[in-house]
Structures are given as structure tokens and as C-alpha cells.
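See below for the structure under consideration.
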Amino acid sequence: MTTTKETPITAATTISQDIRPEDLDEINGFLNHVGVLHKIKPEHNVKDSFSNLVGGVLKVISVERGKISCSLNVKAPLLNAYGGMHGGAVGAVADRVAIACARTVVGKDKDIFLSELSISYLSAAPHNVEIVVDGSVVRSGRNLTVVDVNFRSKESGRLAYTTRATFYNTPVSSL
């Protein structure tokens with residue numbers, strides 16, 4: 001395989017000897033397809049720009065103790081190279097909804113920190129589909145809070161993604 005400056009795999013890349021050249025070409029093609037070489041646009045090269053991106057598509061429907069429900073319209077910036085909602089966007093939305101849900105039961109005298117987030121991808125959420133994102137507290141104790149967040153198609157009710165977040169509840173520092 002020939003490498004140039006225009007490919008994700010360059011002459012400077014360390015490549016194991018057990019990787020076949022045709023496999024390397026396949027990996028390089030995939031990385032090109034998903035945009036590894038794209039530069040970050042100046043408007044996205046700001047602190048926490050991903051929150052701004054996700055926040056632009058997420059609308060709160062209802063909030064109650066231990067539960068939150070939101071609506072999300074899958075817009076082009078949230079899509080992966082295959083036309084479905086990008087896994088990173090799923091994780092970012094799940095994180096924000098889970099934090100908001102946990103906040104309904106964890107007192108303001110405690111900070112919450114994400115310790116684990118698991119995501120199961122069951123079906124794709126394509127462009128312009130409206131998704132209902134429901135968060136619910138599974139358990140909340142003195143030190144831990146566990147929240148489930150499910151993503152369902154509003155039209156069919158079909159479950160697209162299911163996530164579980166575990167948070168550490170820690171007292172706010174008084175330094």
C-alpha cells in the first residue's frame with residue numbers, strides 16, 4: 001500500500017506486520033469515508049460546541065421526580081456516514097438527559113459525575129425522524145444514581161437505542 005499525506009494512514013503510522021496490505025487499504029478507505037481527514041470548522045472549534053449542537057435538537061416534553069421526557073429531531077449534523085444517528089450523538093444526548101433526570105432526585109448539595117455509560121444500538125434513527133427520549137431513575141442512593149434512557153421512534157414506538165448511566169453523587173466541595 002502506498003501512503004500519502006492525503007490518507008489517514010501515513011508513512012509515520014506504525015503498522016503491525018500481521019496486517020495484510022489489502023486490509024490496510026480497506027481500513028484507509030473506511031477512515032476516509034467517515035471523514036477522518038476533515039478539518040474542524042472554525043464555528044465548531046469552540047469550548048463545548050457539541051453541547052450546542054445537541055442542544056439545538058433536543059426539546060423537553062415533561063419533567064417529574066425521577067423521570068424526564070424529551071423530543072429529538074434527527075438533523076443532518078447528528079448523522080453518521082451511513083445516514084443514521086451517530087453513536088457519539090446518541091451518547092451525548094443520553095448523557096445530558098440522564099444528568100437532567102438524576103438532578104430530579106439528587107440534592108443540589110451534591111455534584112454528580114458520570115462513571116459509566118452503556119449504549120445498545122437496536123436500530124438506526126434516520127434523518128428527520130422524531131425520537132422520544134425517556135429518562136428514568138432506576139435507583140438513587142447516597143453515593144450512586146443509575147438512570148435508564150431509551151430512544152424510541154415517535155411514529156412507530158420502535159426502540160432504537162437504550163442506555164444506562166451510572167453517576168457518583170459527591171458532596172459539593174467547600175474550598
Side-chain angles (χ1 to χ4, degrees), residues 7-9 23 25-106 112-140 144-168:
T7 64
I9 299 173
D23 293 336
D25 285 339
E26 186 72 26
I27 294 165
N28 213 18
F30 169 77
L31 293 173
N32 271 325
H33 177 71
V34 298
V36 169
L37 292 176
H38 294 174
K39 302 290 184 219
I40 296 175
K41 295 179 180 178
E43 64 267 25
H44 299 299
N45 197 13
V46 295
K47 182 180 178 185
D48 206 20
S49 68
F50 201 70
S51 286
N52 296 335
L53 180 67
V54 171
V57 296
L58 194 61
K59 307 290 182 235
V60 178
I61 298 170
S62 66
V63 179
E64 58 185 271
R65 184 169 172 75
K67 294 183 185 220
I68 188 165
S69 186
C70 299
S71 172
L72 175 129
N73 195 321
V74 181
K75 295 294 186 186
L78 300 181
L79 298 178
N80 61 25
Y82 303 101
M85 191 170 167
H86 191 283
V90 173
V93 170
D95 174 57
R96 282 143 181 91
V97 171
I99 289 170
C101 192
R103 273 285 157 222
T104 68
V105 296
V106 176
I112 56 175
F113 299 95
L114 183 67
S115 66
E116 179 183 29
L117 178 66
S118 65
I119 305 171
S120 295
Y121 301 90
L122 307 174
S123 65
H127 190 228
N128 286 330
V129 165
E130 189 169 351
I131 300 293
V132 175
V133 184
D134 289 319
S136 61
V137 173
V138 175
R139 179 185 181 282
S140 186
L144 290 175
T145 299
V146 179
V147 179
D148 280 343
V149 179
N150 292 314
F151 295 66
R152 293 184 182 276
S153 165
K154 183 176 182 179
E155 184 179 315
S156 69
R158 183 177 180 181
L159 186 61
Y161 315 107
T162 184
T163 73
R164 178 166 284 191
T166 303
F167 296 97
Y168 290 116

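- For Arg139, there are no side chain to side chain contact (heavy atoms under 4.5 Å, CB included) partners, not counting sequence neighbours.
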Start with the C-alpha distance between Val149 and Asp134, add both sets of side-chain angles, then the distance that settles side chain to side chain contact (heavy atoms under 4.5 Å, CB included), and finish with yes or no.
CA-CA 5 Å; Val149 179; Asp134 289 319; over 6 Å; no
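- Using a distance-only test at 3.5 Å, with no hydrogens or angles considered, a donor-acceptor pair links the side chain of Asn80 to the main chain of Gly83.
- Closest of all the heavy-atom pairs between Gly87 and Ile119 is O-CD1, 4.4 Å.
- Taking the side chain as every heavy atom from C-beta outward, Leu122 and Thr162 approach each other to under 4.5 Å.
- When all heavy atoms of Val97 and Cys70 are compared, the pair lying nearest together is CG2-SG, 4.2 Å.
- The structure places OG1 of Thr145 at 12.5 Å from CZ of Phe113, a figure rounded to the nearest 0.5 Å.
- Side chain of Ser140 to backbone of Val105: no donor-acceptor contact under 3.5 angstrom is found.
- Between Leu58 and Val93 the shortest side-chain heavy-atom distance falls below 4.5 Å.
- Rounded to the nearest 0.5 Å, atoms NZ (Lys59) and OG (Ser69) are 14.5 Å apart.
- Arg164 pairs by the salt bridge (Lys or Arg N to Asp or Glu O under 4.0 Å) definition with Asp148, not counting sequence neighbours.
- Side chains of Lys67 and Val137 form no contact here, defined as non-hydrogen atoms less than 4.5 Å apart.
- Closest non-hydrogen pair, Val129 versus Ser153, comes out as CG1-OG, 4.4 Å.
- Across all non-hydrogen atoms, the minimal contact from Lys75 to His127 is C-CD2, 3.7 Å.
- By the salt bridge (Lys or Arg N to Asp or Glu O under 4.0 Å) test, Glu130 pairs with Lys154, sequence neighbours left out.
- Leu114 and Ala165 make their closest contact through CD1-CB, 3.9 Å (heavy atoms, listed as atom of the first residue, atom of the second, distance).
- Between Leu72 and Met85 the shortest side-chain heavy-atom distance falls below 4.5 Å.
- The distance from atom CG of Asn128 to atom CG of Leu79, rounded to the nearest 0.5 Å, is 8.5 Å.
- The shortest distance between side-chain heavy atoms of Asn150 and Val133 does not fall below 4.5 Å.
- Between atom CG of residue Leu31 and atom CD of residue Glu26 there is a gap of 10.5 Å, rounded to the nearest 0.5 Å.
- Paired with Ile99 under the rule side chain to side chain contact (heavy atoms under 4.5 Å, CB included), one option of Val106, Ile112, Ile68 passes, and it is Ile112.
- Looking only at distances, no side-chain donor or acceptor of Ser71 sits under 3.5 Å from a matching main-chain atom of Val132.
- Within the 4.5 Å cutoff, the side chain of Val90 has heavy atoms near those of the Phe151 side chain.
- Here the straight-line distance linking atom OG1 of Thr104 with atom CZ of Arg65 works out to 6.5 Å at 0.5 Å rounding.
- Judged by distance alone, the side chain of Tyr161 and the main-chain N or O of Ala125 form a donor-acceptor pair under 3.5 Å.
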